[in-house]
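Below is one structure, written out as structure tokens, with a few remarks after it.
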Amino acid sequence: MSRIIDQAGQSFPASFSVVGDAREVGEEAARFFVEVINNNPRANIGLATGATARSFYTALIKAHTELKLSFAAVNTFNLDEYIGLSRSHPNSYWNEIVEQFGRHVDVPLTQIHAPDGAHQDPEAAAAVYEGLLASVGGVDIQLLGLGRNGHIAFNEPGSPFDSCTRPVDLTTSTLQANQVHFPSGETMPQRAISMGIATILKARRIVLIASGQAKAEALKDMLRGTIGPHCPASFLRAHSAVHVIADRDAARLVTSS
Ligand SMILES: N[C@@H]1[C@@H](O)[C@H](O)[C@@H](COP(=O)(O)O)O[C@@H]1O
């Protein structure tokens, strides 16, 4: 894959790995986080939910059990949370991070952070979260998945470059993709609190993961299309330390082989 050189002469992405399958995507992504935590055991790490991230958490847990990597002083920050779900709801994103990762390592659950989806005033909860991120000195390394429509976190198409953490409406595409995670008959939340584009771009390093054919168009738009709110992930091209990891299916429209 050829790099994109923007007007400032910057190369994007900083690195691009195409691996065989979803498991390898997670393993490759975890290497970046292990390196950051080895260098700084008190690192602030930004976490993503979703199916693609599962193998990433499996790899981090393996680093804990086999390499004795400690998360005891790490703080984690979710990208987003559904509005209307308390932390204890089985489908809350806070709970997803605890179940997939937190309870399998030595991070105290008080150091797992997410926007408060149950707050009566979502605007206020979003502002509190943005303030929390600033008060801890920002995120050292942020994991991002990629929505089929090019969203990152829950920044749906139309999200502005300068957006901060805020309440957002989910699009039909996202609702269809995520409804499967809720029990049949249960209507999923239609809104969420999400870190904004500007919030995400403050992270010192970003690792974006994509797996499967359903992400191929979005990955192509992100890397090759015009930069703009129609494809929120394209705004990542304004950041100098983005590492993209995709499996062959997701990368099929941006690789020649
Ligand atoms: N809000 C989440 C994102 O943070 C996630 O990265 C993305 C991809 O999810 P998946 O890996 O399940 O396709 O969509 C969800 O809607």
Side-chain angles (χ1 to χ4, degrees), residues 19 21-30 33 45-59 76-85 89 91-97 99-101 112-115 117 122 126 129 139 141-159 163 165-182 188-197 199-201 203 206-219 221-222 231-236 242-247 249-251:
V19 296
D21 58 25
R23 183 178 54 81
E24 290 175 41
V25 168
E27 288 172 352
E28 185 74 11
F33 283 70
I45 64 173
L47 299 181
T49 49
T52 317
R54 299 239 162 103
S55 57
F56 166 79
Y57 294 117
T58 303
T76 78
F77 296 89
N78 277 30
L79 282 168
D80 41 25
E81 183 57 277
Y82 288 118
I83 291 177
L85 300 192
H89 190 286
N91 286 104
S92 82
Y93 277 168
W94 185 85
N95 190 60
E96 181 169 327
I97 294 298
E99 291 297 326
Q100 302 274 325
F101 167 66
I112 295 180
H113 308 280
Y129 199 62
V139 167
I141 185 165
Q142 176 68 57
L143 183 72
L144 290 179
L146 180 64
R148 296 171 196 198
N149 60 3
H151 76 222
I152 47 174
F154 271 138
N155 291 284
E156 299 282 32
S159 297
S163 48
T165 305
R166 68 205 186 288
V168 293
D169 295 324
L170 305 181
T171 61
T172 307
S173 151
T174 299
L175 292 168
Q176 281 168 353
N178 290 6
Q179 178 68 56
V180 294
H181 301 299
F182 288 77
M188 66 171 287
Q190 317 280 299
R191 302 182 75 215
I193 297 171
S194 176
M195 282 192 202
I197 301 289
T199 320
I200 291 168
L201 290 176
I206 294 173
V207 176
L208 179 131
I209 53 174
S211 168
Q213 301 230 6
K215 304 297 173 69
E217 282 288 345
L219 193 66
D221 285 353
M222 168 189 151
C231 177
S234 68
F235 286 131
L236 294 173
V242 176
H243 303 274
V244 176
I245 303 164
D247 64 12
D249 285 345

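It should be emphasised that the depicted structure is a prediction, and the values quoted were computed from it without experimental measurement. One-based numbering, in listed order, for ligands and for the atoms of each. Numbers here simply count residues along the sequence, with the first being 1.
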query = With a 4.0 Å heavy-atom cut-off (strictly under), which part of Asn178 contacts ligand 1: side chain, backbone, both or neither?
reply = side chain
ask   = Thr199 and Arg166: side chain to side chain donor-acceptor pair (under 3.5 Å), yes or no, with the steps?
value = CA-CA 10 Å; Thr199 320; Arg166 68 205 186 288; over 6 Å; no
request  = Just say parallel, tilted or perpendicular for the rings of Phe77 and His113, cut-offs at 30° and 60°.
outcome  = parallel
Closest approach of any protein heavy atom to [atom], naming residue and atom:
{"atom": "atom 8 (C) of ligand 1", "value": "Leu146 O, 3.7 Å"}
{"atom": "atom 9 (O) of ligand 1", "value": "Gly50 CA, 4.0 Å"}
{"atom": "atom 6 (O) of ligand 1", "value": "Gly145 CA, 3.1 Å"}
{"atom": "atom 13 (O) of ligand 1", "value": "Lys215 NZ, 2.6 Å"}
{"atom": "atom 2 (C) of ligand 1", "value": "Tyr93 OH, 3.9 Å"}
{"atom": "atom 1 (N) of ligand 1", "value": "Asp80 OD2, 2.9 Å"}

Kindly say whether [Y] contributes a backbone atom to a donor-acceptor pair with the side chain of [X] at under 3.5 angstrom?
{"X": "Glu156", "Y": "Asp169", "result": "no"}
{"X": "Ser55", "Y": "Ala22", "result": "yes"}
{"X": "Asn95", "Y": "Ser92", "result": "no"}
{"X": "Ser163", "Y": "Ile197", "result": "yes"}
{"X": "Asn149", "Y": "Thr174", "result": "no"}
{"X": "Glu99", "Y": "Ile97", "result": "no"}

ask   = Does ligand 1 have any atom that is closer than 4.0 Å to a heavy atom of Arg148?
value = no
inquiry  = So for Leu144, does at least one of its heavy atoms come nearer than 4.0 angstrom to any atom of ligand 1?
reply    = no
Would you mind listing which atoms of ligand 1 come within a distance below 4.0 Å of any non-hydrogen atom of [X]?
{"X": "Ala51", "value": "10 (P), 11 (O), 12 (O)"}
{"X": "Ala153", "value": "1 (N), 3 (C), 4 (O)"}
{"X": "Thr49", "value": "5 (C), 6 (O)"}
{"X": "Thr52", "value": "10 (P), 11 (O), 13 (O)"}
{"X": "His151", "value": "7 (C), 14 (O), 15 (C), 16 (O)"}
{"X": "Phe154", "value": "1 (N), 16 (O)"}

request  = Considering non-hydrogen atoms only, spot the tightest contact between Pro189 and Leu85 and give its length.
outcome  = CG-CG, 3.8 Å
task = Just jot down the ring-ring contact (aromatic ring centres under 6.0 Å, His included) partners of Phe154, sequence neighbours excluded, or say none.
result = Tyr82, Tyr93, His151
ask   = Does Thr174, backbone or side chain, put an N or O under 3.5 Å from an N or O of ligand 1?
value = no
